[in-house]
S.K.: 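Got a structure for you, written out below as structure tokens; questions coming shortly.
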Amino acid sequence: MTRLEDLEWYRRYKQMFGAFKSGVEGDRFFRDYEYRGYKRVWSTWPMLEKKLGRKKPSEYQIVTYALSYWADPRSPTYIYDKGPFELGTEHITQKWYKHFRDNSPFIKPLFERGEWHDYEDPYKLTYWTYNSMADDNETFLDKIYEEIVNTKYDWNLSEEVLELYKNVYDPLRYVFHIMQMESMYLASMAPTSSITNVFIFMGMDHMRRVQRIAQRVKMLDIIYPSLGFGKEARKIFEESPLFQLTREVLEKMLATYDVGESLVAFNLAVKFVLDELTLQHLTQQFSKMGDEMIRHIHMSFYNDTLRHRHQAQESVQNANNSINIM
């Protein structure tokens with residue numbers, strides 16, 4: 001094994017900045033000596049060991065627990081750079097995260113003690129388990145869409161159903177796209193990696209809604225090219241009185257930068273109401289007009305919604321429990 005002091009890059013480093021430490025070099029933890037004056041080695045494994053004792057960690061814990069080094073004020077990076085990133089104290093990103101995340105009244109009490117790491121997704125989703133689940137959901141929708149085509153289902157839709165698709169259903173792409181954007185903002189500002197994962201998967205769920213609505217609208221455009229499906233959705237979303245209150249609420253939510261306020265506004269208010277309106281009440285309206293196929297499509301979306309609510313409920317409950325025992 002090559003010794004550290006024999007490496008060319010280390011000789012250059014030593015000429016410029018000095019040795020990693022004053023004693024014998026070649027320690028396998030040499031990287032941590034860059035943070036002079038900090039004895040603690042930052043690693044997920046000692047943290048997991050402290051949390052679990054001698055209990056074997058689960059796959060979910062191994063790939064999820066406390067992986068966001070920029071989300072813990074006790075990490076060497078945070079202490080050394082006086083902020084979450086190695087950008088200097090005056091960088092706008094550094095200031096943004098410290099103001100809107102670290103000092104958020106909802107985040108701060110647990111953030112300072114690193115207790116957000118104790119949150120665990122009740123579904124224990126990892127990248128491959130989420131993709132496995134999403135693959136099943138998309139296969140189900142593929143079969144629904146194939147049946148629509150094979151049975152020429154759209155040929156028998158009434159005029160009023162087509163109007164509902166064009167004037168209400170098509171513009172929903174923008175509503176769900178904003179939900180996807182908000183999910184990703186919360187993922188980027190999350191106080192721990194387990195919450196980051198929840199919002200990344202949530203964003204992907206909203207993106208599949210956008211894609212499936214666009215696919216459904218294109219199917220109708222092929223059958224009814226003269227009705228203008230897919231060509232006026234943005235104009236309707238921006239100008240139709242039906243969408244203006246929704247648009248105003250969504251735009252205010254997007255401009256809510258404090259991560260605690262944003263999390264509450266999105267998960268406990270706006271998303272809850274809009275999911276009920278679009279996936280339950282709108283579905284019932286389609287059914288009353290004779291279109292039952294959309295019920296199956298929205299059932300798949302609503303299953304995601306139920307998971308989102310459970311995850312949000314657990315995160316808030318976890319925060320409340322920790323604050324109450326302080």
Side-chain angles (χ1 to χ4, degrees), residues 134 136-180 202 205-250 253 266-310 312:
D136 291 341
N137 291 335
E138 290 301 283
T139 300
F140 171 76
L141 289 184
D142 283 342
K143 296 296 182 184
I144 296 293
Y145 280 47
E146 286 175 12
E147 185 175 344
I148 289 173
V149 174
N150 293 335
T151 61
K152 296 185 177 179
Y153 180 84
D154 288 341
W155 288 91
N156 298 314
L157 293 177
S158 66
E159 187 174 329
E160 60 179 358
V161 170
L162 293 175
E163 287 292 320
L164 193 59
Y165 268 112
K166 181 179 177 181
N167 296 325
V168 179
Y169 192 71
D170 191 2
L172 289 182
R173 284 184 289 145
Y174 294 93
V175 173
F176 291 133
H177 196 184
I178 290 173
M179 288 190 181
Q180 185 260 338
M202 192 181 294
D205 291 334
H206 291 130
M207 181 52 73
R208 87 181 183 101
R209 295 181 188 181
V210 175
Q211 293 171 334
R212 285 298 184 175
I213 290 174
Q215 184 180 2
R216 187 75 187 96
V217 169
K218 185 58 183 176
M219 292 165 71
L220 292 168
D221 183 50
I222 292 172
I223 304 298
Y224 304 99
S226 62
L227 296 184
F229 278 107
K231 298 178 177 61
E232 300 178 12
R234 179 172 178 175
K235 181 179 176 64
I236 295 172
F237 180 66
E238 291 180 344
E239 298 180 8
S240 169
L242 183 67
F243 282 99
Q244 295 321 296
L245 286 177
T246 300
R247 192 163 70 92
E248 180 181 353
V249 168
L250 290 172
M253 182 185 70
F266 180 52
N267 279 97
L268 305 186
V270 175
K271 176 175 162 54
F272 186 94
V273 172
L274 288 179
D275 278 350
E276 286 298 308
L277 285 174
T278 56
L279 303 181
Q280 293 290 325
H281 295 282
L282 181 60
T283 303
Q284 293 172 7
Q285 186 61 35
F286 271 106
S287 294
K288 289 178 182 176
M289 294 179 173
D291 184 357
E292 287 292 335
M293 199 62 78
I294 203 160
R295 180 183 297 280
H296 302 295
I297 299 171
H298 281 189
M299 182 180 69
S300 177
F301 297 159
Y302 199 69
N303 285 337
D304 295 336
T305 290
L306 295 178
R307 171 165 49 83
H308 301 162
R309 288 177 182 174
H310 190 190

S.K.: Would Ser300 and Asn137 count as having a side-chain donor-acceptor pair, cut-off 3.5 Å?
M.R.: no
S.K.: For a quick check under 3.5 Å, do Tyr153 and Asp291 share a side-chain donor-acceptor pair by atom type?
M.R.: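 A pair is found: one side chain offers a donor N or O, the other an acceptor, under 3.5 Å apart.
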S.K.: Does CD belonging to Glu159 count more than 12 external heavy atoms closer than 6.0 Å?
M.R.: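 Check fails, neighbour count at 12 or below.
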S.K.: Step through the shown structure and confirm whether more than 12 heavy atoms of other residues, nucleotides or ligands are within 6.0 Å of CG on Leu306.
M.R.: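 Buried by this count: over 12 neighbours within 6.0 Å.
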S.K.: Do Asp221 and Lys231 touch side chain to side chain, with heavy atoms closer than 4.5 Å?
M.R.: yes
S.K.: Could you pull out the closest heavy-atom pair between Phe229 and Leu162, with the gap in Å?
M.R.: CZ-O, 3.6 Å
S.K.: What I'd like to find out is whether the side chain of Asp275 reaches to under 4.5 Å of the side chain of Phe176, using heavy atoms alone.
M.R.: yes
S.K.: With the side chain counted from C-beta on, respond yes when Ile297 and Ile213 share a heavy-atom pair under 4.5 Å apart, and no when they do not.
M.R.: no
S.K.: Any luck finding a side-chain donor-acceptor pair between His308 and Asp205 under 3.5 Å?
M.R.: yes
S.K.: Measure the spacing between CG of Leu164 and CE of Met289 and express it to the nearest 0.5 Å.
M.R.: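 Taking CG in Leu164 and CE in Met289, the distance rounds to 5.0 Å.
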S.K.: Is the ring pair Phe266/His206 parallel, tilted or perpendicular, if the boundaries are 30 and 60 degrees?
M.R.: perpendicular
S.K.: Considering residues at least two apart in sequence or located in another chain, which fulfil the side chain to side chain donor-acceptor pair (under 3.5 Å) criterion with Arg173?
M.R.: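 By the side chain to side chain donor-acceptor pair (under 3.5 Å) rule, Arg173 matches Asp170.
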S.K.: In Å and rounded to the nearest 0.5 Å, what is the NE2 to CG distance from His298 to Leu279?
M.R.: 6.0 Å
S.K.: Can we say Arg208 and Glu138 salt-bridge, meaning some charged N sits less than 4.0 Å from an Asp/Glu carboxylate O?
M.R.: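 So Arg208 pairs with Glu138 through a salt bridge.
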S.K.: Within the structure provided, determine whether Phe301 and Thr278 are in side-chain contact (heavy-atom separation under 4.5 Å).
M.R.: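 Not in contact.
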S.K.: Over all heavy atoms of both residues, which pair between Val168 and Pro171 is shortest? Give the atoms and the distance, please.
M.R.: O-CD, 3.3 Å
S.K.: Would you say the side chains of Glu163 and Asn167 form a donor-acceptor pair under 3.5 Å?
M.R.: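 Indeed, the side chains of Glu163 and Asn167 share at least one donor-acceptor pair under 3.5 Å.
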S.K.: What I want to find out is whether Glu147 reaches Lys143 closely enough, with some N-O distance under 4.0 Å, to be called a salt bridge.
M.R.: no
S.K.: Answer yes when Asp304 and Arg309 have at least one side-chain N-carboxylate O distance shorter than 4.0 Å, and no when they do not.
M.R.: no
S.K.: Given side-chain contact (heavy atoms from CB on, under 4.5 Å), test Leu274 with Val249 step by step and report yes or no.
M.R.: CA-CA 11 Å; Leu274 288 179; Val249 168; over 6 Å; no
S.K.: Can you name the nearest heavy-atom pair linking Leu282 to Tyr169, along with the distance?
M.R.: CD2-CD1, 4.3 Å
S.K.: Could you state the interatomic distance from CZ (Arg234) to CD (Glu239), rounded to the nearest 0.5 Å?
M.R.: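 That separation rounds to 10.5 Å.
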S.K.: Please find out if less than 6.0 Å separates the ring center of Tyr165 from that of Phe286.
M.R.: yes
S.K.: Hey, mind stepping through Met202 and Lys271 against side-chain contact (heavy atoms from CB on, under 4.5 Å) and telling me if it holds?
M.R.: CA-CA 11 Å; Met202 192 181 294; Lys271 176 175 162 54; 4.2 Å; yes
S.K.: Could you state the interatomic distance from CZ (Arg307) to OH (Tyr302), rounded to the nearest 0.5 Å?
M.R.: 14.0 Å
S.K.: Is the side chain of Gln244 donor-acceptor paired with the backbone N or O of Phe237 at a distance under 3.5 Å, no angle test?
M.R.: yes
S.K.: Measure the CZ-CG distance between Arg247 and Leu242 for me, rounded to the nearest 0.5 Å.
M.R.: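 Between atom CZ of Arg247 and atom CG of Leu242 there are 12.5 Å.
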S.K.: Does His281 reach the side chain of Gln284, with side-chain heavy atoms less than 4.5 Å apart?
M.R.: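 Sidechains of Gln284 and His281: in contact.
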S.K.: Hey, are Arg295 and Glu292 close enough for a salt bridge, meaning a charged N less than 4.0 Å from a carboxylate O?
M.R.: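 Salt bridge between Arg295 and Glu292, a charged N being under 4.0 Å from a carboxylate O: yes.
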S.K.: State, yes or no, whether a side-chain contact exists between Arg216 and Asp154 at a heavy-atom distance under 4.5 Å.
M.R.: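 In contact.
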S.K.: I'd like to check Ile222 versus Lys218 (side-chain heavy atoms, cut-off strictly below 4.5 Å). Are they in contact?
M.R.: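 Ile222 reaches Lys218 side chain to side chain.
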S.K.: Below 4.5 Å, heavy atoms only, C-beta onward: do Ile178 and Met253 meet side chain to side chain?
M.R.: yes
S.K.: side-chain contact (heavy atoms from CB on, under 4.5 Å) between Ile144 and Met293: does it pass, once the steps are laid out?
M.R.: CA-CA 8 Å; Ile144 296 293; Met293 199 62 78; 3.9 Å; yes
S.K.: Run the numbers on Asn267 and Phe272 for side-chain contact (heavy atoms from CB on, under 4.5 Å), then give the verdict.
M.R.: CA-CA 6 Å; Asn267 279 97; Phe272 186 94; over 6 Å; no
S.K.: Say you draw a straight line from CG of Leu172 to CD1 of Ile236; how long is it, rounded to the nearest 0.5 Å?
M.R.: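 One gets 10.5 Å once the value is rounded to the nearest 0.5 Å.
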